[in-house]
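Before any comments, here is the structure.
Residue indices begin at 1 and follow the sequence shown. When a ligand or atom number is given, it counts from 1 through the structure's own listing order.
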Amino acid sequence: MARFEQLFTPLTIGGHTLPNRVMMGSMHLGLEEAPGGFERMAAFYAERALGGVALVVTGGISPNQAGRPGVVGAVLDDESQLAEHRLLTEAVHAAGSKILLQLLHFGRYAEHDDLVAPSPLRSPIKARVPREMSDADVRQTIADFGRATRLALAAGYDGIEVMGSEGYLLNEFLAPATNQRDDAWGGDAERRRAFPLAVVREVRSALGAGPILSVRVSAVDLIPGGSTGDETLAYAGELAGAGADLLVTGIGWHESRVPTIATSVPRAAFAEFTRALRGAAGIPVAAANRINTPEVAERLLADGTADLVALARPLLADPAFVAKAQAGTPDAINTCIGCNQACLDHALSGRITSCLVNPRACHETQLVLGPTRSARKIAVVGAGPAGLAAATAAGERGHRVTLFEARNEIGGQFDLARRIPGKEEFSETLRYFTGELERRGVEVRTGTRATADALAAEGFDEVIIASGVMPRRPAIPGAESSIVADYAEVLRGERSVGERVAILGSGGIGFDVAEFLTQDGPANALSPERFAESWGVTQDPAVPGGVLRPRPEISRRRVTMLQRKATKPGAGLGLTTGWIHRAEVLRRGVEHVVGASYDEITERGIRITVDGVTRELEVDTVVLCTGQESVEELSAALAALGIPAQVVGGALLAGELDAKRAIKQGTEAAAAL
Ligand code: FAD
Ligand code: NAP
Ligand code: SF4
C-alpha cells in the first residue's frame, strides 16, 4: 500500500528475505511454563503470523538452569524438550512466517537460589544476592548458549535471538555498575564486552551460515553506572563481526527509574538512541518501545531511524496489525494503550500474559468468538468498556445488537480516564470501538437510558447489563458543602477547582486526579524532548547509563491527597506503573496524609484527625475519589419479565474494577450468548 511504502518494502537479513519490516518482539507469555502452554503458544504465534508479521521471536528461554527466571522457568538444554518447540515452529511456518528462539539468561534478575552474575551485587528490585561467576562458569555458560542453539535448530527455528538488554546477564557484564571484575571478563570496557561477544560468536558458530542471528542490545541503560553511549556504540560496531545479522534495540533496565514503555512515555520516545545504534552497527537495526501505530513505524523507517520495527504489545492488542495496515485500514487496528495491566504486570507476577484491550490474547483456544448458528436480538445496556466489548463481540458473532447509552457519548468511566495527562492513548480504544460498532452493524442509541419495560416492548431475546459504576459519595459530615466535587464532575469540567485542593482517596483515580490538577502545561507524554528533559534522559555519549536526575516540576496548585488507611499511598497501583504515578505526584509537590479520619467538611476546608490530633486543612475544593458503587437497576425487573440477562463489568461488582475486567467480562458474555 502506498500509504505505508517503507513498511511493506522487503528486507533481506542474513540471506532471508522478509516481505515486510515488522517483526514480533520477544515477550514472556507465562505459557512457556504452563501445562499445555506450548499448544496455546502455537495458536497465539500462528494468529500473529497469519496477521502478516514477517518474523516472530519467542519469549525468552534459558540456555541453562542458572539462567531460569524462577524455579519453574523454561530452559532448552535437552532433546526431550524439542517436541514442544516443534509445535511452535510448525505453526508459524504453516502460517507463512519465520520464527527465532530467544535465548535469555536472567543473571541477577533470577528468582531462585542459584542465581549468578558477573559480580555479587544485588539488584535494587530483587531480594537475592547473586553468586559471582567463576571463569569456568563463564566459559560453561558460553558453551550452554551453543548447546541451546543446536537444539533450537533441531526444533526447526530459523535462528536465534540473544537477549542482551534490559539488565539481564549479558547487560550485567557490559555495565560497570554490575561488573566489577578484573579478569578476562571485566576491568575495562573491552573486557566487559568479552562475554557478550563470546556468546554471540558461539551462537553463530552453532548456527552455521544461513540461520538468522539477532542480538537485543541495550541502546541506553538508564541506570546510574550503566554503559556510556560511546561504549554502547563501540559494542554495536563489534557485533556484526562476531556474527550478528540483526540488532534489536532494548531501552533501559527493569530497575531503571525512568519510564520506558508505560502509556505516559511518548510514542517512539527513544528513537534517537536507535538511530545512533544504526549508525554504528553496519547491519539492520530494529526499533522498539512505544511504536503502536503503523504511522509511527513508517516514519521511523522513512527517516532512517531503523530498518525494521519490533512490535510486541501492539501485537497482543491486535494480531492483525500488519494485515490491517497493508489493507489500508489502520483505523481498524485495536491499538495498544501502553497500560501494562494485562501484559507486563501479569508476566512479572507469574500470571499468563494477555491484553486489556484484547482479552483473547494468549487465550486464543479458550475465548472463541465463532459465528452464531442462531442470530438473536440482543440489547447491551451501557457503552463503557464492558458494554462496548460485549456489543462489538456479539455483533462479530452475527447477532443483531442494539447498544443503549444514557449519556451523549460512549466510553463510560474510560471517557474520563482518557482526559488524564499521560493517558491520552486511552482515546485510541474509544476510536477503535467506535469503528467496530459500525463494522459489526451494531445500532447505537446514545442519549437513551434503557428501562426494563422499554427493552421488553422492543422484544429483545437477551440483555447484557453493563451499566457500570458511579462515584461513591461517602456520608462525611458537611459533604453537601459547596466546595465538594466528585472526580467525574472535575474531569468533565463541570466544576471549577481552586488553587488549594484536598483529594479524598489515594487509589488509582485519586492519583490520576492529582496529576490532572497539577498539570501546568502540555503533558510530557506528547513530546519526546520534554519527556527526556523531565526524566533526565540524555544523549551525551559520555554520561554513564544516559541518565541524570529527574527534574522537579512543582505545580502552582497546592494539592493534598488523603486516605483513611495508614498504608503507603498508591500501594495498590499497577505493579510496573505504580512507581511512575508515585514519582510523578512527588515531583509536582503533592503532599500525602495517611491514616486520616474525615471529621467534617465546611465551606473553608476539611477537618481531619490523624494519630489523635485534629487539624483543619484550609482548601478551596475537596475532590471525592472515594471509590465507586455499582449501577444496576435492571436485572430484577428483567427477570420478572422473563427476559434472560447477564450482568458484566462495574454493574456486577464495583470493587477493584478496572477496564481489563470490564472488557474481558463483556467479551465473555458475548461468547456465551
Ligand atoms: P462504566 O465505564 O461505568 O460504563 C457504564 C456506562 O453505562 C456509562 O456510560 C453509563 O452512562 C451507562 N449506563 C448506566 N445505566 C444505563 C442505562 N440504564 N441505560 C443506558 N446506559 C446506562 N481502568 C483501567 O483498567 N486502567 C486505568 O488506567 C484506568 N484509569 C482510570 C482513570 C479514571 C480517571 C477513571 C474514572 C477510571 C479509570 N479506570 C481505569 C477504570 C475504568 O474506566 C472502569 O473500570 C471501566 O470504565 C468500567 O467499565 P464498565 O463498562 O463496567 O462501566
Ligand atoms: P480504589 O483504588 O479502590 O480507591 C478508592 C479510594 O477511596 C481508596 O483510597 C479508599 O481509601 C477510599 N475510600 C473507599 N471507600 C471510602 C469511604 N466510604 N469513605 C472515604 N474513602 C473511601 O478505587 P479508585 O481510585 O476509585 O479506582 C477505581 C478502579 O479504577 C481501581 O480499582 C483501578 O483498578 C482502576 N484504575 C486504575 C488505574 C491504573 O493506573 N491502573 C488508574 C485509575 C483507576 P481509604 O479507605 O484508605 O480511605
Ligand atoms: Fe498494550 Fe495494555 Fe494490552 Fe499490554 S495490556 S498489550 S500495554 S493495551
Identity and separation of the nearest protein heavy atom to atom 26 (O) of ligand 2:
Gln628 NE2, 3.1 Å

Nearest heavy atom to atom 8 (C) of ligand 2 wins, so pick from Glu629, Lys565, Arg661.
Lys565

Taking all heavy atoms of Gly387 and all of Leu403, pick out the closest pair and write down the distance.
O-CD1, 4.1 Å

Can you tell which of Leu657, Thr577, Ile580, Asp658 gets a heavy atom nearest to atom 32 (O) of ligand 2?
Leu657

Within 4.0 Å of some non-hydrogen atom of Gly627, the atoms of ligand 2 are 5 (C), 7 (O), 26 (O)

Do Arg440 and Glu436 sit within salt-bridge range, that is, some charged N less than 4.0 Å from a carboxylate O?
yes

Output every pair passing ring-ring contact (aromatic ring centres under 6.0 Å, His included) with a member in residues 653-673, not counting sequence neighbours, ordered by first then second residue.
none

For residues Val647 and Glu632, determine if any side-chain heavy atom of one lies less than 4.5 Å from a side-chain heavy atom of the other.
yes

Would the distance check show the side chain of Arg615 and the main-chain N or O of Ile608 forming a donor-acceptor pair, the cut-off being under 3.5 Å?
no

If we number the atoms of ligand 2 from 1 as shown, the ones under 4.0 Å from a heavy atom of Asp512 are 42 (C), 43 (C)

For ligand 1, which of its N or O atoms have a protein N or O partner closer than 3.5 Å, and how long is each gap?
{"residue": "ligand 1", "atom": "2 (O)", "partner": "Gln413", "partner atom": "N", "Å": "2.8"}
{"residue": "ligand 1", "atom": "3 (O)", "partner": "Val469", "partner atom": "N", "Å": "3.1"}
{"residue": "ligand 1", "atom": "9 (O)", "partner": "Glu405", "partner atom": "OE1", "Å": "2.7"}
{"residue": "ligand 1", "atom": "9 (O)", "partner": "Glu405", "partner atom": "OE2", "Å": "3.0"}
{"residue": "ligand 1", "atom": "11 (O)", "partner": "Glu405", "partner atom": "OE2", "Å": "2.6"}
{"residue": "ligand 1", "atom": "18 (N)", "partner": "Ala450", "partner atom": "O", "Å": "3.3"}
{"residue": "ligand 1", "atom": "19 (N)", "partner": "Ala450", "partner atom": "N", "Å": "3.0"}
{"residue": "ligand 1", "atom": "21 (N)", "partner": "Ala406", "partner atom": "N", "Å": "3.0"}
{"residue": "ligand 1", "atom": "23 (N)", "partner": "Ala659", "partner atom": "N", "Å": "3.3"}
{"residue": "ligand 1", "atom": "25 (O)", "partner": "Gln341", "partner atom": "OE1", "Å": "3.4"}
{"residue": "ligand 1", "atom": "25 (O)", "partner": "Gln341", "partner atom": "NE2", "Å": "2.9"}
{"residue": "ligand 1", "atom": "25 (O)", "partner": "Ala659", "partner atom": "N", "Å": "2.8"}
{"residue": "ligand 1", "atom": "26 (N)", "partner": "Gln341", "partner atom": "OE1", "Å": "2.7"}
{"residue": "ligand 1", "atom": "28 (O)", "partner": "Lys423", "partner atom": "NZ", "Å": "2.7"}
{"residue": "ligand 1", "atom": "30 (N)", "partner": "Lys423", "partner atom": "NZ", "Å": "2.9"}
{"residue": "ligand 1", "atom": "43 (O)", "partner": "Phe414", "partner atom": "N", "Å": "3.4"}
{"residue": "ligand 1", "atom": "45 (O)", "partner": "Ala659", "partner atom": "N", "Å": "3.4"}
{"residue": "ligand 1", "atom": "51 (O)", "partner": "Pro385", "partner atom": "N", "Å": "3.3"}
{"residue": "ligand 1", "atom": "51 (O)", "partner": "Ala386", "partner atom": "N", "Å": "3.0"}
{"residue": "ligand 1", "atom": "52 (O)", "partner": "Gly650", "partner atom": "N", "Å": "2.7"}

What protein heavy atom is closest to atom 12 (C) of ligand 2, reported as residue, atom name and distance in Å?
Thr626 CA, 4.0 Å

Just by distance, no angles: are the side chains of Arg351 and Ser349 close enough, under 3.5 Å, to form a donor-acceptor pair?
yes

If only side-chain N and O atoms count, and only distance matters, is there a donor-acceptor pair under 3.5 Å linking Asn340 with Thr577?
no

Can you list the residues that meet the ring-ring contact (aromatic ring centres under 6.0 Å, His included) rule with Phe270, with sequence neighbours excluded?
none

Are a donor atom and an acceptor atom from the side chains of His346 and Lys660 found within less than 3.5 Å of each other?
yes

Please identify which atoms of ligand 2 are closer than 4.0 Å to at least one heavy atom of Gly508.
2 (O), 25 (O), 42 (C), 43 (C), 44 (C)

Are Arg431 and Thr335 close enough that a side-chain donor and a side-chain acceptor fall under 3.5 Å?
yes

In the complex you have, is atom 28 (C) of ligand 2 within reach of the protein, judged by whether a heavy-atom distance drops under 4.0 Å?
yes

Would you mind running through ligand 2 and noting each atom that sits below 4.0 Å from a heavy atom of Gly507?
2 (O), 4 (O), 9 (O), 25 (O)

For Ser506, the atoms of ligand 2 under 4.0 Å from one of its heavy atoms are 9 (O)

Kindly confirm or rule out an N or O of Gly505 lying under 3.5 angstrom from an N or O of ligand 2.
no

Checking heavy-atom distances from atom 42 (C) of ligand 2 to each of Gln413, Lys423, Arg473, the winner is Lys423

Ignoring hydrogens, tell whether any protein atom lies closer than 4.0 Å to atom 3 (O) of ligand 2; use the non-hydrogen atoms only.
no

At what distance, to the nearest 0.5 angstrom, does CG of Leu562 lie from NZ of Lys565?
12.5 Å

Name the closest protein heavy atom to atom 48 (O) of ligand 2, giving the residue it belongs to and the distance to 0.1 Å.
Arg564 N, 2.9 Å

Point-to-point distance, once rounded to the nearest 0.5 Å, from CG of Asn292 to CG of Leu315:
11.0 Å

Flag side-chain contact, heavy atom, 4.5 Å: Val631 against Ser467:
yes

Check the angle between the aromatic planes of Phe414 and Phe426 and answer parallel, tilted or perpendicular using the 30° and 60° thresholds.
parallel

What is the nearest protein non-hydrogen atom to atom 15 (N) of ligand 2, stated with its residue, atom name and distance?
Arg472 NH1, 2.9 Å

With backbone taken as N, CA, C and O and side chain as the heavy atoms from C-beta onward, which portion of Cys625 lies under 4.0 Å from ligand 2: side chain, backbone, both, or neither?
backbone

Are Glu462 and Leu673 side-chain neighbours, meaning at least one heavy-atom pair lies under 4.5 Å?
yes

Would you indicate whether the side-chain heavy atoms of Thr567 and Val594 approach each other to under 4.5 Å?
no

Salt-bridge criterion met for Glu425 and Arg290 (N-O under 4.0 Å):
yes

Check Arg472, Arg473, Gln628, Arg495 against Asp486 for a side-chain hydrogen bond (donor to acceptor under 3.5 Å, both in side chains) and give me the one that passes.
Arg473

Can a donor-acceptor pair be found, under 3.5 Å and without considering hydrogens, that links the side chain of Ser26 to the backbone of Gln102?
no

Tell me the contacting part of Gln341 for ligand 2: side chain, backbone, both, or neither, using a 4.0 Å heavy-atom threshold, strictly below.
side chain

Output, by chain and residue number, all protein N/O/S atoms separated from atom 4 (Fe) of ligand 3 by less than 2.8 Å.
Cys343 SG

Among all the protein's non-hydrogen atoms, which is closest to atom 44 (C) of ligand 2, and how far away is it?
Ile509 CG1, 3.6 Å

Decide whether an N or O pair under 3.5 Å exists between Glu656 and ligand 2.
no

